[in-house]
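Heavy-atom basis, side chains included; hydrogens, waters and symmetry copies ignored. Chain identifiers are assigned alphabetically (A, B, ...) following the order of the sequence lines, protein sequences preceding nucleic acid strands; residue numbering begins at 1 within each chain.
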Number of protein chains: 2
Amino acid sequence: MNADAARALDAADRLAPLRARFALPPDTVYLDGNSLGALPKATVERLRTTVAHEWGEGLIRSWNRAGWIELAAAVAGRIGRLVGARAEHVSVGDSTSVNLFKVLSAAAQLVPGGGARHRIVSERDNFPTDLYLAESVAERHGLELVLADGEDGVLAALDERTAIAMLTHVDYRTGRRWRMREATDAIHAAGALAVWDLAHSAGAVPLALEDDGADFAVGCGYKYLNGGPGAPAFLWVHPRHLERIEREGLRQPLSGWLGHAAPFAFESAYRPAAGIGRFACGTWPVLSLAALDEGVRVFDAAEPLGGMAALRAKSVALVDAFVAAVETRCAGHGLALVTPRDAERRGSQASFACPGGVDAFAVMAALIERGTIGDFRAGGRPGEPDLLRFGFAPLYNAFDDAWRAAGTLADVLATEAWRAPRFAARSAVT
Amino acid sequence: MNADAARALDAADRLAPLRARFALPPDTVYLDGNSLGALPKATVERLRTTVAHEWGEGLIRSWNRAGWIELAAAVAGRIGRLVGARAEHVSVGDSTSVNLFKVLSAAAQLVPGGGARHRIVSERDNFPTDLYLAESVAERHGLELVLADGEDGVLAALDERTAIAMLTHVDYRTGRRWRMREATDAIHAAGALAVWDLAHSAGAVPLALEDDGADFAVGCGYKYLNGGPGAPAFLWVHPRHLERIEREGLRQPLSGWLGHAAPFAFESAYRPAAGIGRFACGTWPVLSLAALDEGVRVFDAAEPLGGMAALRAKSVALVDAFVAAVETRCAGHGLALVTPRDAERRGSQASFACPGGVDAFAVMAALIERGTIGDFRAGGRPGEPDLLRFGFAPLYNAFDDAWRAAGTLADVLATEAWRAPRFAARSAVT
């Protein structure tokens, strides 16, 4: 690839017009949509309307008149379409962490065979909040959290002691992606339940939760779904479990009033709502939820252009182009791709390990100063190299982004610009 | 009181200029700030800036540059000043329901005397979500939820079996207010812990959580704190418990990554943050949190005018004026005040029971159609009368509001306007 080739790819990209729906700052190459998705332009007006008109003028009446009370279910339907789930099996609200607590707590009550299975199996390199919540649920249910290394380690750990396997579909550091159906089959073959975290998947790779037979899932609203900082998250429960939960009167522990069968009857005893309804808890943050609604609505505009399948094809091409450009333009600087080259085994990012002596944090800081925004991620364990992470959001990233970012990276490495003392201070938000 | 007297009271009210900080619609008398606080004008610009500038242009960098990562603690400090708590003992984020789950779960681990105490005592008429969460925590900790009727019932139920008393400071229906210090003393005398819900108190009545010796508290951001629909909530833990929690390594179950000692170190095992930090869970909804920040900042403007003490004095006068006006202008229509006349025993609202044959829901619907917005609340138990609830927010309500609302109510009752069929359909949001 070269600059002309990148431009030609963009010119031929049927999805390219979607970029105009985002308020990307000029002279910025934004490759961190897997940390915080870019701002859809429509969200500015939506929030203005929600704040000034619905809240300011409608006041309390807007719960009904402006449909706030139905908003979570409406967003659930839109997210469901992106992850291969039906609206009535998706619940939107609270954070990913809180939702994971809900589904793990529900899963712990549904473990086949009861007490003989006492392990939650996960990956040592899973996103930390998932492990922290699993620790908590394990303790509460007399289970044990067992951490395995990598896919092979997890698969080898599945046995008659396994109650739940909790896996993140796309690894936040490396971008490595599980084969959801095959892994779920293996988990089921071992007699356990599969809980999936879709934080780096939803909106970036096609998903078929129900068809793949997954048991539970959670996902994040502020990455590829463009819902804004700290946007509400979502959870999904397979209908076979919803039926059993209802039949046996099981509850998730966060039994708040919006998960009650009749929230406005103000009954003193909890009666869980039917189906997925019982996974709601307290009042949802309407402003943040309105922003998430706009974020997810952008995908509606991608539907006539091929939807998630077309977005995925573009994502693969973008990452391939970026990897090729980096490996050509940064040759000799010792960067090593840690993301699988096989597109079937990765999400929508490319992560490179920096060689010894090159401070990945400082490299990323220098890139950001030059307007190319990716993310730094520390190595998983002591001795592992730190990573430069670049996420590609097919709704708004262009082949020109990939080309320019590779060039800036080459420049930062060649000039050793990253050695400037101002790039040494550390902080990061995923 | 008459119209001139109301205008004279407004003219003499030093707090009256604060009303101009709110975007109240014209021709509306808004007496439902205890369901959804009015919109501070500054919030419109704050959200525009947060969305268009911080998110749109700053993107992921705004977690540091725009201070999103410190925003929850900043808001906690502001709320702390309103409730008699230090910033370092307050945590902001999640919903009231989720926060109640956190503090009840923590309290259950701190019960003096251990297993001998096995009861959570609360009021049957407590706000339902509190009871639902208490049910859940009770079940998880082998406790029993015992519901008592009214203050006398609760006080009589306190004994050597009581582990926790969970009380709502101001009753959402009647506006009846507990004497926090006396009740806490009684709970402590029985050897139990006091958990307070401040949903209808924070921002409306002066509070002294730490001085009164309360153990735990939660509160709502979208009522008198003007944080917007579904705003993040808060929780508070007395420092004596925070010290013990830290010393003994206790955890609340929602052990998310932002409650970790080093969230950005991405460690695989949970190490709780020091002090109140461990009560945080997942990433907070920045847009909704920014709105809450503006809502609470309005109280800063009240500081030079006398702060919470002056606001409380005005609230008392407003409710007194409203009750007097209703009892004069609606005489003969059978309304009965259920809110204590003694200001020491009430929050910032007046609730009236409708007599048999008068449909309170329809009366409120007719009032709302005429621009006087209060709230309908069904009677607590079968046979109890339904209520018309009017909340007074001293930051923006005026004596003229009280006078006009009483007049509209008198008109609706005298003309029987509420009998129109369009007022019969029911729905409500607290």
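- Looking at heavy atoms from C-beta onward, A/Tyr270 lies out of side-chain contact with B/Leu131 at the 4.5 angstrom threshold.
- For the pair B/Leu254 and A/Ser136, the minimum side-chain heavy-atom distance is 4.5 Å or more.
- Listed here is the closest heavy atom pair of B/Pro25 and A/Gly56: CD-O, 3.5 Å.
- The nearest pair of heavy atoms linking A/Ser35 to B/Ile60 is CB-CD1, 3.6 Å.
- Separation of atoms CG (A/Leu39) and CG (B/Leu59) is listed at 8.0 Å; rounding is to 0.5 Å.
- Across A/His260, A/Arg48, A/Arg251, the residue that shares the most heavy-atom pairs under 4.5 angstrom with chain B is A/His260.
- Between the CD atom in B/Glu57 and the CG atom in A/Leu24 there is a gap of 11.0 Å [rounded to 0.5 Å].
- Here the OG1-CG distance, from B/Thr50 to A/Leu47, works out to 9.5 Å after rounding to the nearest 0.5 Å.
- Residues B/Pro128 and A/Glu267 come closest through the heavy atom pair CB-O, 3.4 Å.
- Atoms CZ and CG, from A/Arg61 and B/Asp32 in turn, are 10.0 Å apart once rounded to the nearest 0.5 Å.
- Of the two parts of A/Arg173, only the side chain, counted from C-beta on, holds a non-hydrogen atom closer than 4.5 Å to a non-hydrogen atom of chain B.
- Both the backbone and the side chain of A/Leu133 have a heavy atom closer than 4.5 Å to some heavy atom of chain B.
- Using bins of under 30°, 30° to 60° and over 60° for the plane-to-plane angle, the ring pair B/Phe127/A/Trp257 lands in the perpendicular bin.
- Interface remark: of the candidates B/Val286, B/Val44, B/Leu292, B/Leu145, B/Val286 forms the most heavy-atom pairs closer than 4.5 Å to chain A.
- We find the OG-CD distance between B/Ser268 and A/Glu135 to be 8.5 Å, quoted to the nearest 0.5 Å.
- For the options A/Ala378, A/Ala38, A/Gly33, A/Ser62, heavy-atom pairs under 4.5 Å to chain B are most numerous at A/Ala38.
- No other option in A/Trp284, A/Tyr30, A/Tyr132 has as many heavy-atom pairs under 4.5 Å with chain B as A/Tyr132.
- Judged as a ring-ring contact (aromatic ring centres under 6.0 Å, His included), and not counting sequence neighbours, the contacts of A/Tyr396 are A/Phe22.
- Only the side chain of A/Ile373 comes within contact range of chain B, with at least one heavy atom under 4.5 Å from a heavy atom of that chain.
- With a threshold of 4.5 angstrom between heavy atoms, A/Ala269 approaches chain B through its backbone and through its side chain.
- Contact of A/Ser255 with chain B is made through backbone and side chain together, with heavy-atom distances under 4.5 Å.
- Contact between B/Trp55 and A/Gly227 at its shortest, heavy atoms only, is CH2-C, 3.8 Å.
- With ring centers used as reference points, B/Phe101 lies under 6.0 Å from A/Phe101.
- Interface residue A/Trp68: only side-chain heavy atoms are found under 4.5 Å from chain B.
- With sequence neighbours excluded, no residue satisfies ring-ring contact (aromatic ring centres under 6.0 Å, His included) with A/Phe279.
- Remark: the B/Ser95 side chain and the A/Thr283 side chain contain no N/O donor-acceptor pair separated by less than 3.5 Å.
- The two residues B/Val98 and A/Cys281 make their nearest non-hydrogen contact at CG2-SG, 3.9 Å.
- Contacts between B/Thr96 and chain A at a heavy-atom distance below 4.5 Å are absent for every atom of the residue.
- Shown here for A/Ser97 and B/Gly282, the closest heavy-atom pair between the two residues is OG-CA, 3.6 Å.
- Residue A/Arg46 places its CZ atom among more than 12 non-hydrogen atoms of other residues, nucleotides or ligands, all under 6.0 Å distant.
- Looking at A/Leu147, only its side chain comes within 4.5 Å of chain B, counting heavy atoms on both sides.
- Comparing B/Ala291, B/Ala52, B/Gly228 by how many heavy-atom pairs each has under 4.5 Å with chain A, the most go to B/Gly228.
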